[in-house]
Amino acid sequence: MGDRPRELVYYVAVSLDGRIAGEDGDFSMFPVEGDHMATITTRFADALPAPAVAALQITPDLSTFDTVVMGRATHAVGVPHGLLSPYPHLRQFVASRSTPEVGDDVEVTADPVTTVRALKGEAGGSGIWLCGGGRLASALRDEIDRMILKVNPVVIGASGRPLFDGPGPERWAVDSEESFASGVRIVDYRRVR
């Protein structure tokens with residue numbers, strides 16, 4: 001953790017055609033089995049929701065992320081299943097202009113840009129995970145330092161939810177890329193400023 005600057009990292013699963021979910025928010029088309037899962041459960045264990053952490057009997061070490069910022073619709077996916085605090089091992093923020101039902105340890109912010117700038121200004125810590133969705137990513141486009149995309153071998157189509165719902169940051173350089181037999185690629189991009 002140390003003294004490295006805190007970065008906002010858009011870490012998200014995406015289809016070959018740049019969609020992060022179907023039109024109705026469904027993301028079940030992204031494979032959750034295969035050789036890529038070893039990387040997901042180790043390198044990105046901090047980004048696993050509480051039920052996955054419990055099922056896998058792992059303890060996230062917060063070396064990749066210690067904070068998550070998600071949109072209201074992204075958070076709402078777990079609410080019908082009683083997941084009001086999906087990532088209790090992280091500091092959690094939900095960007096919303098309304099008052100969504102959230103857990104006691106989840107903060108709601110109507111101004112995600114100001115919130116993220118304050119988080120990035122904090123000393124120490126690890127990365128700030130931008131969990132989704134596309135509208136929030138567009139609102140935070142000037143604050144995103146890195147994108148780590150889990151590119152899945154599926155096509156969702158134009159009706160799916162886009163990676164950015166509006167303009168995104170323009171230039172990116174590939175820092176690393178890992179390909180798996182499952183067809184999934186994990187591509188780490190750094191923003192070119």
Side-chain angles (χ1 to χ4, degrees), residues 7-65 67-90 92 94 126-138 140 144 146-165 168 172-190:
E7 294 180 314
L8 181 63
V9 181
Y10 191 12
Y11 168 66
V12 66
V14 65
S15 66
L16 293 173
D17 57 343
R19 305 297 173 178
I20 60 174
E23 180 178 18
D24 58 357
D26 178 33
F27 49 86
S28 64
M29 71 289 297
F30 297 137
V32 293
E33 295 180 341
D35 56 340
H36 66 285
M37 291 306 296
T39 298
I40 302 300
T41 59
T42 54
R43 180 176 171 204
F44 299 107
D46 299 341
L48 293 173
V53 167
L56 295 168
Q57 298 180 343
I58 59 175
T59 303
D61 66 8
L62 308 184
S63 62
T64 303
F65 303 116
T67 304
V68 60
V69 178
M70 63 193 109
R72 183 202 48 76
T74 298
H75 177 267
V77 169
V79 172
H81 308 287
L83 271 180
L84 300 180
S85 176
Y87 306 99
H89 52 282
L90 301 175
Q92 302 173 86
V94 174
S126 56
I128 304 159
W129 173 30
L130 171 55
C131 181
R135 184 175 301 144
L136 179 58
S138 289
L140 290 169
I144 299 171
R146 290 174 48 211
M147 283 194 301
I148 300 176
L149 303 182
K150 297 172 286 186
V151 183
N152 291 269
V154 298
V155 174
I156 295 175
S159 64
R161 294 186 180 173
L163 183 62
F164 287 94
D165 188 14
W172 297 91
V174 175
D175 267 0
S176 66
E177 181 174 350
E178 191 172 0
S179 297
F180 301 90
S182 64
V184 173
R185 290 181 303 125
I186 297 177
V187 187
D188 190 340
Y189 294 94
R190 182 161 305 280

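Keep in mind it's a predicted model, so treat the numbers as computed, not measured.
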Which heavy atom of [X] sits nearest a heavy atom of [Y], and at what distance?
| X | Y | value |
| --- | --- | --- |
| G34 | S182 | CA-CB, 4.3 Å |
| P88 | A50 | CD-CB, 3.7 Å |
| G22 | R161 | O-CG, 3.5 Å |
| V77 | P80 | O-CD, 3.5 Å |
| M37 | P31 | SD-O, 4.4 Å |
| G160 | R19 | O-NH1, 3.2 Å |

Distance from [X] atom [atom1] to [Y] atom [atom2], nearest 0.5 Å?
| X | Y | atom1 | atom2 | answer |
| --- | --- | --- | --- | --- |
| F30 | I20 | CZ | CD1 | 8.0 Å |
| L62 | T67 | CG | OG1 | 9.0 Å |
| I186 | F44 | CD1 | CZ | 5.5 Å |
| L83 | H75 | CG | NE2 | 8.0 Å |

* Asked: Does the side chain of S138 come under 3.5 Å of the side chain of D165 through a donor N or O and an acceptor N or O?
  ->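 Looking only at side-chain atoms, D165 and S138 do not form any donor-acceptor pair under 3.5 Å.
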
Side chains of [X] and [Y], heavy atoms from C-beta outward: is any pair under 4.5 Å?
| X | Y | result |
| --- | --- | --- |
| R135 | R72 | no |
| W172 | L149 | no |
| V154 | L16 | no |
| V69 | C131 | no |
| V53 | P60 | yes |
| W129 | Y87 | yes |
| H81 | P51 | no |

Would you find a donor on one side and an acceptor on the other, under 3.5 Å apart, between the side chain of [X] and the backbone of [Y]?
| X | Y | value |
| --- | --- | --- |
| D35 | A181 | yes |
| Y10 | L163 | yes |
| H36 | N152 | no |
| D17 | V155 | no |
| D24 | D26 | yes |
| E23 | S159 | no |

* Asked: Under 6.0 Å from the CZ atom of F27, do we count more than 12 heavy atoms belonging to anything else shown?
  ->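 No, the 6.0 Å shell around CZ holds no more than 12 heavy atoms from other groups.
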
* Test applied, side chain to side chain contact (heavy atoms under 4.5 Å, CB included); reference residue, R146; option that passes from L130, V9, L8 ->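 Of the listed options, the one satisfying the test is V9.
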
* Asked: Pick one: which of I40, T39, V187 meets side chain to side chain contact (heavy atoms under 4.5 Å, CB included) with K150?
  ->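 Going through I40, T39, V187 one by one, the side chain to side chain contact (heavy atoms under 4.5 Å, CB included) with K150 is satisfied by I40 alone.
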
* May I have all residue pairs that pass side chain to side chain donor-acceptor pair (under 3.5 Å) and include part of residues 40-57, sequence neighbours excluded? =>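 Of all non-adjacent pairs touching residues 40-57, those that pass side chain to side chain donor-acceptor pair (under 3.5 Å) are R43-D188.
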
